[in-house]
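Below is one structure, written out as structure tokens; the observations come after it.
Numbers restart at 1 for each chain; the letters A, B, ... are given by sequence-line order, proteins then strands.
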Amino acid sequence: MARFGFKPALLPDYKGLRGDTSDNIKGIKGIGEKTATILITNFGTIEEMYKKLKKNPELFTAAGCSPRIIELLKNNEEEALFSKTLAKIRLDAPVDFVLPEKTFWENADLKKIETMFAKFEFRSLFIRLKNFFGKSEKANEEEFSRVLGSPAQDSFRERAQPDQLKNPLHLPSPIKLQEVSIALWLINSDISYPKLDDILLFAQVDNFQTAYDYILKKLKEDNLDKVYSEIEKPIMHVVREMEDYGILIDKKYFKNLSEEYHEELDKLTAKIYKIAGIEFNINSPKQMGEVLFGKMGIRVPSKSAKKGASGNFSTKVSILEDLEEENPIIKEILAYRELQKLLSTYIDVIPKMAGTDSRLHAKFLQNGSTTGRFSSQDPNLQNLPIKTELGKRIRNGFIAQKGHKLCAFDYSQIELRVVAMLSGDKKMTQIFHEGKDIHLGVASFVFGVPIDKVDKEMRRKAKVINFGIIYGMGVSALRKNLGGTREEAQKFYDNYFNQFSGVRDYMEKVKVSALKNSCTETLFGRRRYFPNINSKIPFLKNMAERTATNAPVQGTAADIIKLAIRYADEDLKKAGLLDRVHLILQIHDELVYEVDESVLEKVDKIIKNAMQGVLERSYLHYKTGIPLEVHSGCGDNFGEVK
DNA sequence: AGACTGCG
DNA sequence: CGCAGTCT
């Protein structure tokens, strides 16, 4: 208003006449800032102006327009209108871009920026940046307005809530945002890692502070405030520190590994082409299926290897493994698949993601799953290979700093212990209480033989069903995992639940309460909802039943390890060790720390104790005959820790 | 059961 | 977007 002398709404009209070189809008050649302003203030929009010009042009002479200007206007009506449409900001365009939930300056780490700027010798930029961060909030606002090219509007300040007063862009502080993100996720864990949008949507408001207050109030109403204040909130800073600290990568090691595996991959590729007698994209399951079962005429496994939903042959590992005897190409393909996976998912991407200091800062999302578990991304450090030798070698590339070791602490069989606790099953409790191997113990009961008479196959079967229990598996899924016939599986299943009737009753109880309440709870009260539990569609109902029985188990285990993170941090702090011990990974039942070698034994004791004592120490003061056993191991790299 | 990533 | 494959 002050600058132009007319309302902002008329800006497109202004630009339509005068043009705007920065936006490549022509306007009418010969009309400048002054004339345009006169025209707009006297006659309004371009459309209105032309109406008046056609009716009584003498008005224009009266307003002080020269005959030259009037002539220009008459000759350039079309150009003016076109320029105006260009200048208009289209509000109806399909935009799927949303403002990022955090701005660069909200979670900026001045230290990190400083080192980076120093490296690139961005001296003046750094001074400006320092000023920006150092100044009062008010000054920030001005600096930002300057950058954005539009003055902060007074009307906004009047409307603003206290929280927004400090912040010109409506942006909440990152910490409060994270708090409410976790709170909302506790209320409804299906909304994992809620963003600002999700938070505002849930609260049905457009003001952050209002949403914050609403969600924290609701948290309390839902009796989730203990889970929040005792489990989640106390580890927020530990998680942030874990991400900030990162993990050291041996880039050279990765480079060597990459070269070695790529060489092998090339050899395999050549072999496969040779055997197949044709070059094709081995990464394409479609082409692979056509080559194997079409061109090469390999027997199509009658079961599931027929045409899938999309009309393609299935070429997954389990099917290829059945065909290993049929043709030598299968073995090579399996090897190719493994190497390709390792290279493309881990070996060739992880070193690129580490900084110049070779530290990798993956994300650990405290509220990234529906059950209470963490998730990890960019990259996912919770699924580093371990099963195969070729895969395991990747772990050697994650190393400890000089003078340090990597120490891993893992809960042994935590989920089955949770099953035993939640169900109170006598026999399962007994096995754990006596410190016996759970698979041997279960096999002993199910097969009715003493523990020392349990053979490999019996233990294997017990292990399968133990996993099945955790996942809420039914008979058919059990048979699939067990191999053998339906009848065998059914018999085994019945036998198991006869022996462990406490587990059976518990599972039934969870299902019933899920049906009634549409939700289940962990030992600590973390909740998950199952809207499909009453569905008439069998697939959905069955799925809901499985997830409903799994959630309290997986979720309680998650509660326990989160508390362990908290207590370990508290105890290390008390011992004054926080500068010599840093949490670097959380892998569901395992915590990995980088530890200064001078305090290895002390730290081992402290962390183990904290982990084992979680239940009694928690606000539940939970007493149980089932010990939480923790195993630990140290090494120079992640491959060595176990 | 719960995740994440790469590929076509 | 679905599949495949890695982990707990």
The side chain of [X] is closest to which nucleotide in this list: [options]?
{"X": "A/Asp378", "options": "B/dG2, B/dT5, C/dC7", "answer": "B/dT5"}
{"X": "A/Lys341", "options": "B/dA3, C/dG5, B/dG6", "answer": "C/dG5"}
{"X": "A/Lys387", "options": "B/dG6, C/dC7, B/dA1", "answer": "C/dC7"}
{"X": "A/Gln377", "options": "C/dC7, C/dG5, B/dT5", "answer": "B/dT5"}
{"X": "A/Thr547", "options": "B/dG2, C/dT8, B/dC7", "answer": "B/dG2"}
{"X": "A/Asn383", "options": "C/dT8, C/dG5, B/dT5", "answer": "C/dG5"}

Tell me: [atom1] of [X] to [atom2] of [N], nearest whole Å?
{"X": "A/Ile333", "N": "C/dA4", "atom1": "CD1", "atom2": "P", "value": "14 Å"}
{"X": "A/Glu415", "N": "C/dC7", "atom1": "CD", "atom2": "P", "value": "17 Å"}
{"X": "A/Phe467", "N": "C/dT8", "atom1": "CZ", "atom2": "P", "value": "9 Å"}
{"X": "A/Gln586", "N": "C/dC7", "atom1": "CD", "atom2": "P", "value": "17 Å"}
{"X": "A/Ile191", "N": "B/dA3", "atom1": "CD1", "atom2": "P", "value": "14 Å"}
{"X": "A/Tyr336", "N": "C/dA4", "atom1": "OH", "atom2": "C1'", "value": "14 Å"}
{"X": "A/Met288", "N": "C/dG5", "atom1": "CE", "atom2": "C1'", "value": "13 Å"}
{"X": "A/Leu365", "N": "C/dC7", "atom1": "CG", "atom2": "P", "value": "21 Å"}

Taking any heavy-atom pair under 4.0 Å as a contact, classify [X]: base, sugar-phosphate, or nothing.
{"X": "A/Ile470", "value": "nothing"}
{"X": "A/Thr370", "value": "sugar-phosphate"}
{"X": "A/Val349", "value": "sugar-phosphate"}
{"X": "A/Leu342", "value": "nothing"}

Let me know, please, whether A/Gln382 or A/Asn283 comes out on the 5' side of the other along DNA chain B by nearest nucleotide.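 Going by which nucleotide is closer to the 5' end, it is A/Gln382.
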Does [N] have its OP1 or OP2 closer than 4.0 Å to a side-chain nitrogen or oxygen of [X]?
{"X": "A/Arg337", "N": "C/dA4", "answer": "no"}
{"X": "A/Lys316", "N": "C/dG5", "answer": "no"}
{"X": "A/Thr371", "N": "B/dG2", "answer": "no"}
{"X": "A/Arg528", "N": "B/dA1", "answer": "no"}
{"X": "A/Arg373", "N": "B/dA3", "answer": "no"}

Might you confirm whether atom CZ of A/Phe467 has over 12 heavy atoms from other residues, nucleotides or ligands at distances under 6.0 Å?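 Counting neighbours around CZ of A/Phe467, 12 or fewer heavy atoms of other residues, nucleotides or ligands fall under 6.0 Å, so no.
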Within 45° of the six-membered ring axis of A/Tyr245 and under 6.0 Å from that ring's centre, is NZ or CZ of A/Arg359 located there?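 The answer is yes, since A/Arg359 meets both limits relative to A/Tyr245.
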Would you call [X] and [Y] a salt bridge, taking side-chain N to carboxylate O under 4.0 Å as the test?
{"X": "A/Glu259", "Y": "A/Lys255", "answer": "yes"}
{"X": "A/Asp425", "Y": "A/Arg504", "answer": "no"}
{"X": "A/Lys331", "Y": "A/Glu321", "answer": "no"}

Answer yes if the side chains of A/Asp244 and A/His361 hold a donor-acceptor pair under 3.5 Å, and no otherwise.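 Absent: no donor and acceptor within the cut-off.
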